[in-house]
Amino acid sequence: MDDDIDPPSVLVISDRHVGSEVVTTLDRSTNVCLVTDHDGVAGQTPDDTRVVVGDGRERAVLRDAGAQTTDVALISMQTDHGAFLVTQLLRTQFDVETVVVVLNDPQHRPAFESVASEVVCSSQVLATELERAVATTLQTPETA
């Protein structure tokens with residue numbers, strides 16, 4: 001293995017707790033940075049995680065977080081409008097090739113598919129997980 005190869009970098013832009021959850025679960029060999037303007041989200045990250053506190057919709061904040069050299073950006077915002085602005089900024093100002101966006105409203109998918117690399121709909125993921133939880137609960141073994 002070549003020691004000169006930098007670890008992959010992931011930029012997580014989020015004003016939601018899912019942002020801190022993602023950076024907590026990412027492989028420790030990944031160079032990760034969380035951008036958030038939410039104190040609660042910033043405070044939920046591991047001590048060794050780089051956090052840039054600021055509005056991810058601002059170019060200067062993204063630059064401070066290293067957007068110009070990131071390999072992957074993950075965006076999860078409270079509003080799809082905010083996520084769309086961040087996505088466009090990352091694509092046009094920083095040439096980030098891989099942008100994964102978490103949508104709140106599945107009806108917004110067509111707009112995002114033209115600018116994001118990957119679109120994940122939070123309501124679909126949540127519905128699948130909730131259905132799994134209900135199915136697991138209903139499959140309790142009979143006691144005779």
Distance (rounded to the nearest 0.5 Å) between Thr92 OG1 and Arg59 CZ: 8.5 Å

Heavy-atom side-chain contact between Val52 and Val61 under 4.5 Å: yes

Within 6.0 Å of CD in Glu97, more than 12 heavy atoms from elsewhere: no

ring-ring contact (aromatic ring centres under 6.0 Å, His included) contacts touching residues 14-50 (sequence neighbours left out): His17-His38

Residues which pass ring pair (Phe, Tyr, Trp, His ring centres under 6.0 Å) with His81, listed by chain and number, not counting sequence neighbours: none

Heavy-atom pair of closest approach, residues Ala67 and Val96: O-CG2, 3.5 Å

With Phe94 via ring pair (Phe, Tyr, Trp, His ring centres under 6.0 Å) - residues at least two apart: none

Minimum-distance pair of heavy atoms, taken over all atoms of Val101 and Ala83: CG1-CB, 4.1 Å

Atom pair CD1/CZ of Ile75 and Arg16 - distance to nearest 0.5 Å: 13.0 Å

pair Val18-Val102: side-chain heavy atoms closer than 4.5 Å: no

Minimum heavy-atom distance Asn104-Pro106, with the two atoms named: O-CD, 3.8 Å

Pairs satisfying ring-ring contact (aromatic ring centres under 6.0 Å, His included), at least one member in residues 111-130, at least two apart: Phe84-Phe112

Minimum-distance pair of heavy atoms, taken over all atoms of Arg50 and Asp64: NH2-O, 2.5 Å

Residue pairs fulfilling side chain to side chain donor-acceptor pair (under 3.5 Å) with at least one residue in residues 105-118, sequence neighbours excluded: Asp80-His108, Arg91-Ser117, Arg109-Gln124

Within-4.5 Å side-chain heavy-atom neighbours: Thr36 and Ser14: no

From Leu103 atom CG to Ser122 atom OG, the distance as rounded to the nearest 0.5 Å: 7.5 Å

Shortest non-hydrogen contact from Val35 toward Ala65: CG2-CB, 3.4 Å

Heavy-atom closest pair, residues Pro8 and Thr30: O-CG2, 3.4 Å

Nearest-0.5 Å distance that lies between atom CD in Glu58 and atom CG in Asp37: 9.0 Å

Asn31 side, atom CG; Thr70 side, atom OG1 - distance, nearest 0.5 Å: 8.0 Å

Cluster overlap Val72 with Met77, hydrophobic side-chain contacts below 4.5 Å: no

Gln44 (side chain) donor-acceptor with Glu21 (main chain) under 3.5 angstrom: no

Min side-chain heavy-atom separation Leu90-Leu62 under 4.5 Å: yes

Linked, directly or transitively: Val32 and Leu34 (ILVMFWY side chains, under 4.5 Å): yes

Joint cluster assignment, Val100 & Val125, ILVMFWY side-chain distance < 4.5 Å: yes

Side-chain heavy atoms of Val134 within contact of Thr137, under 4.5 Å: no

Side-chain heavy atoms of Val22 within contact of Thr24, under 4.5 Å: no

Nonpolar side-chain network containing Leu126, other nodes, edges under 4.5 Å: Leu130

Close side-chain approach of Ser9 to Cys33, heavy-atom, < 4.5 Å: no

Spacing of CG belonging to Leu89 relative to CZ belonging to Arg57, to within rounding of 0.5 Å: 11.0 Å

Ile13 and Leu74, any side-chain heavy atoms less than 4.5 Å apart: no

